[in-house]
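These notes concern the structure reproduced below.
Below, all heavy atoms of this structure are taken into account, side chains as well, without hydrogens, waters or symmetry copies. Counting starts at 1 for both ligands and their atoms, in listed order.
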Amino acid sequence: MTSKALDEIKIGGLGSSRKRVEDERFIRGKGNYLDDVTLPGMLHMEILRSPLPHARIKSIDTSRAWEIPGVHLVMTGEMMATRNLAWMPTLSYDTQAVLATDKVRFQGQEVACVIADDPYIAKDACEAIEVDYEPLPVIVNPEQAQADGAPIIRDDKDGQAGNVIYDWEVGDPAATDRAFAQADVVSKLELHYPRSHPSPIECCGSVADFNRATSKLTVYMTTQAPHIIRAAVAMVAELPEHLIRIVSPDIGGGFGNKVPVYPGYVMSILASILLERPVKWIEDKTGNLISTGFARDVYLKGEMALRKDGKILGVRMHTDADHGAFFSDAQPSKFKIGLMHSAFAAYDIPAAHLTARGVYTNKAPGGVAYRCSFRVTEAMFFQERMIQEAANDLGMDQAAFRRMNFVADDDFPHRTPFGFLTDSGQYAKCLDVGLKAIDYDKFRDEQKEARKRGRLLGLGISTMTEPLGAGNSREYDILGIKMFDSADLKVHMTGKAILRTGAKSQGQGHETTWAQIVAHELGIPAADVTVEEGDTDTAPFGMGTYASRSTPVAGAAVAMVSRKIRAKARKLAAHLLEVSEEDIEWELGRFYVRSAPDRGVTIQECAMAAYSNMPDGLEPGLENTAYYDPPNLTWPFAVYIVTVEVDPVTGVWDVLKTVAVDDCGVRINPVIVEGQIMGGLTEAYAMASMQFITFDADGNCVGSNYMDYLLPSAWETPGFELHSEVVTPCPHHPLGAKGIGECAAVGGPAAFVNAVMDALGGTGVRNIDMPLLPDRVWEALTNHHDVSGAPPIRQD
Ligand code: CDP
């Protein structure tokens with residue numbers, strides 16, 4: 001290690017595996033989560049949810065609930081309507097019922113709420129509310145939604161003739177047709193990426209506190225994007241934005257679940273305004289699993305035009321997306337199906353065409369970016385499943401087929417067939433590292449030998465680059481608000497500092513890593529930098545944290561604001577050293593005179609001078625703000641390779657080894673990066689093997705508790721071998737960093753599924769839809785057919 005790198009490690013700078021500072025309070029039980037917020041005079045809110053997925057509301061009788069001692073308020077949709085709050089806009093330019101007025105449209109929809117002295121009284125009072133429902137036919141998948149005579153779910157919307165929300169397309173259909181006309185082989189695949197729930201340990205909730213005397217509304221809230229919420233509250237509730245303060249305290253996991261605006265937030269705010277008392281709402285686990293922010297639920301089909309030597313000539317893809325009853329995805333406005341069209345970005349494919357259709361069904365709103373950059377998980381899953389099937393159809397080796405079609409190292413910047421610009425990567429090198437780590441050739445030999453003895457071994461590869469770090473602001477906005485981010489740095493007189501950003505950590509360790517960036521740029525030890533996020537009264541405006549955008553955007557803003565501070569500190573140094581600025585050099589934490597390196601001043605001395613000895617004409621103080629609008633997304637690359645053994649008698653499969661090679665450019669904190677990868681791989685394994693939240697034919701949500709919706713514990717989770725040898729700095733990020741938070745969750749599932757499918761090679765089975773529960777694998781093996789598609793789940 002160079003002495004410069006050592007100096008950096010000493011102060012906890014770039015590349016230091018500094019321990020997470022936030023863990024000091026988390027592991028001592030001193031975190032401040034939403035349920036820890038208790039205000040004087042606080043009341044509690046509970047929500048009555050619909051037991052039926054589709055029904056007309058004939059009447060709601062709240063009289064018995066009002067009579068229960070301790071009840072302060074009972075709200076229904078009718079009452080919300082008198083304040084024009086029965087419906088709210090969604091982040092995708094649709095509308096969503098806050099409390100149902102005309103119909104309920106999914107099981108678990110909000111029908112009424114009660115505010116009482118404690119949550120138990122409020123829950124009892126909810127049960128005393130009588131709702132008379134007239135059941136309506138139920139739709140649980142896109143096929144039913146588009147069938148002739150299907151009931152119209154959104155009959156509240158003028159001109160809504162059916163259940164289709166949008167049709168969207170991207171790519172070049174004519175060039176794609178030409179590619180298919182030239183193909184020697186056409187490979188096809190159809191699959192369902194099932195609905196899943198991000199399922200953070202902490203549920204969603206809010207504590208709304210309206211102060212009539214000051215007209216100020218403070219809302220403590222589990223949100224990943226406090227400033228977007230402030231803007232939404234200002235617009236929906238027509239309250240002055242400067243009198244709204246959103247505080248997002250410690251968050252117990254978000255994974256995209258805490259980006260949308262939920263009815264519960266709106267109700268607690270209105271209740272606080274009406275009662276002039278703080279009102280707390282926090283979901284129970286079933287409430288969270290049944291009603292908030294589902295993800296995925298897309299049906300994907302496509303085909304690949306191939307030359308016999310293995311060259312991919314073109315790709316066609318179609319997606320039917322099940323959005324549930326309200327189109328409330330939090331995603332860039334321009335892209336109806338998120339960044340689905342980032343598919344195949346790692347491969348050099350001349351032509352591609354994607355069509356997408358979104359439909360309403362009788363399910364809770366879906367489409368949140370569950371640990372992904374707006375549908376890239378579905379895109380990469382389809383991509384890597386398709387690549388495996390195409391290689392098999394050609395009779396080519398999986399690794400060789402990928403290597404042959406990768407974008408080459410010297411082919412950057414590369415325009416993908418769907419129009420993205422990827423800018424850097426060493427794809428083949430990453431694959432080589434992965435193959436060596438799994439001992440590819442040896443495993444293939446063992447696989448052949450094992451097969452002879454009836455043992456089913458399989459190896460699955462997933463290789464992908466994904467777009468992380470929206471904006472740029474030219475193309476990316478949510479509700480017209482451009483996607484950039486911010487950092488605000490105040491260096492105090494003694495050289496200690498406070499940094500605030502527009503991002504909001506939910507466990508990713510920003511308090512640790514942002515301070516490392518300041519240390520790297522200014523030489524102030526990371527331990528001397530406090531990082532604060534999540535309070536709209538103090539943090540600079542930003543778009544929050546999701547889609548692994550923090551490091552690419554807010555992290556870049558931290559570097560930029562530090563550089564602004566350094567530029568001013570240079571003027572102070574010149575003044576203190578009595579030389580002109582041009583004669584000053586910088587090294588980590590210190591300015592010195594070029595011609596006399598021993599004559600220097602530290603950054604801390606400059607900070608003191610900013611408040612006590614500034615030159616004439618220089619504004620006092622050492623603080624600044626930077627807004628960063630990235631020129632492009634960052635494009636990390638990853639190789640995930642998994643080996644498995646499938647038991648032919650039971651369909652149970654065990655992971656033998658998992659290898660991950662992630663190239664996320666420069667790593668700010670290597671240990672945090674590894675934690676992100678391990679977490680992502682665990683979620684990938686969960687999706688592939690057990691996480692199943694679905695619906696029966698009657699629209700009942702199956703999986704609304706942890707008895708049915710399985711999350712892997714440490715016991716089930718396999719071990720992972722991580723590799724960090726390949727580092728391709730991002731050419732436009734000030735530190736060369738690329739996002740990492742979600743890569744493994746995005747790319748991982750295909751590696752597990754490909755491994756099981758590889759073990760089943762030769763049986764004629766082309767696809768088993770996730771999760772690959774043992775009974776599905778057994779059915780495919782025994783009956784030699786695909787096991788695809790859900791919901792509805794089978795009734796037999
Ligand atoms: O947006 P989110 O925080 O979920 O994802 P991210 O930007 O990929 O960062 C996740 C965590 O990994 C943060 O604490 C980052 O600072 C850290 N990280 C890093 O140390 N080096 C990178 N190249 C990327 C992320």
Which heavy atom of the protein is the closest neighbour of atom 9 (O) of ligand 1, given with residue, atom name and distance?
Thr551 OG1, 3.3 Å
Would you say NZ of Lys285 has more than 12 non-hydrogen atoms from neighbouring residues, nucleotides or ligands within 6.0 angstrom?
yes
I'd like to know whether Thr512 forms a side chain to side chain contact (heavy atoms under 4.5 Å, CB included) with Asn669, so could you lay out the CA-CA distance, the side-chain angles of the two residues, the decisive distance to 0.1 Å, and finally the verdict.
CA-CA 9 Å; Thr512 307; Asn669 182 321; 3.9 Å; yes
Atoms of ligand 1 close to Arg667 [distance to a heavy atom under 4.0 angstrom, numbered from 1]:
21 (N), 23 (N)
Distance filter under 4.0 Å to Ser548 heavy atoms, resulting ligand 1 atoms
1 (O), 2 (P), 5 (O), 7 (O), 8 (O)
Backbone or side-chain N or O of Ile740 under 3.5 Å from ligand 1 N or O:
yes
Thr513: numbered ligand 1 atoms lying under 4.0 Å from its heavy atoms:
13 (C), 14 (O), 15 (C), 16 (O)
For atom 3 (O) of ligand 1, what is the nearest protein heavy atom, given as residue, atom name and distance?
His510 NE2, 2.8 Å
Heavy-atom contacts with Ser550 under 4.0 Å: which atoms of ligand 1 show up? List them by number with element.
1 (O), 2 (P), 3 (O), 7 (O)
Lys504 (side chain) donor-acceptor with Ser248 (main chain) under 3.5 angstrom
yes
Has ligand 1 got any nitrogen or oxygen that is less than 3.5 angstrom from a nitrogen or oxygen of Ile672?
no
Consider every N or O of Arg549 and every N or O of ligand 1, then say whether any pair is closer than 3.5 Å.
yes
Are Arg371 and Phe255 in a cation-pi setup, meaning NZ or CZ lies under 6.0 angstrom from the ring centre and within 45 degrees of the ring axis?
no
Ligand 1 versus Ile668: contacting region, heavy-atom distance under 4.0 Å:
both
Please state which part of Val666 comes within less than 4.0 Å of ligand 1, counting heavy atoms only: side chain, backbone, both or neither.
backbone
By number and element, which atoms of ligand 1 are closer than 4.0 Å to a non-hydrogen atom of Gly741?
5 (O), 6 (P), 8 (O)
Can you tell me which residue and heavy atom of the protein come closest to atom 14 (O) of ligand 1, and the distance to 0.1 Å?
Gln508 O, 2.6 Å
Answer with yes or no after comparing the ring centroid distance for Tyr33 and Tyr220 against a 6.0 Å cut-off, counting only values under it.
no
Of all heavy-atom pairs between Ile478 and Met543, which one has the smallest distance, and what is that distance?
CB-CE, 4.0 Å
Which of the atoms of ligand 1 are close to Val673, meaning less than 4.0 Å from one of its heavy atoms?
18 (N), 19 (C), 20 (O), 21 (N)
Would you check whether Pro552 has a nitrogen or oxygen atom less than 3.5 angstrom from a nitrogen or oxygen atom of ligand 1?
no
Distance-only N or O hit between ligand 1 and Asn669, under 3.5 Å:
yes
To check your reading of the model: name the closest protein heavy atom to atom 24 (C) of ligand 1, its residue, and the distance in Å.
Lys738 O, 3.2 Å
Closer than 4.0 Å to some heavy atom of Gly739 - which atoms of ligand 1 meet that?
8 (O)
Counting N and O atoms only, with roles assigned by atom type, does the side chain of Tyr262 sit under 3.5 Å from a partner on the main chain of Gly293, one being a donor and the other an acceptor?
yes
Do the side chain of Gln426 and the main chain of Val726 share a donor and acceptor less than 3.5 angstrom apart?
no
Kindly confirm or rule out a cation-pi arrangement of Arg549 over Tyr546, judged by NZ or CZ under 6.0 Å from the six-membered ring centre and within 45° of its axis?
yes
Would you confirm whether Thr551, through its side chain, and Gly739, through its main-chain N or O, come within 3.5 Å as a donor-acceptor pair?
no
Whether Gln331 side chain and Lys336 backbone form a donor-acceptor pair below 3.5 Å:
yes
Could you list the atoms of ligand 1 found under 4.0 angstrom from a heavy atom of Trp514?
16 (O)
Short side-chain donor-acceptor distance under 3.5 Å, Glu716 and Ser713:
yes
Among the heavy atoms of Cys664, does any lie under 4.0 Å from an atom of ligand 1?
yes
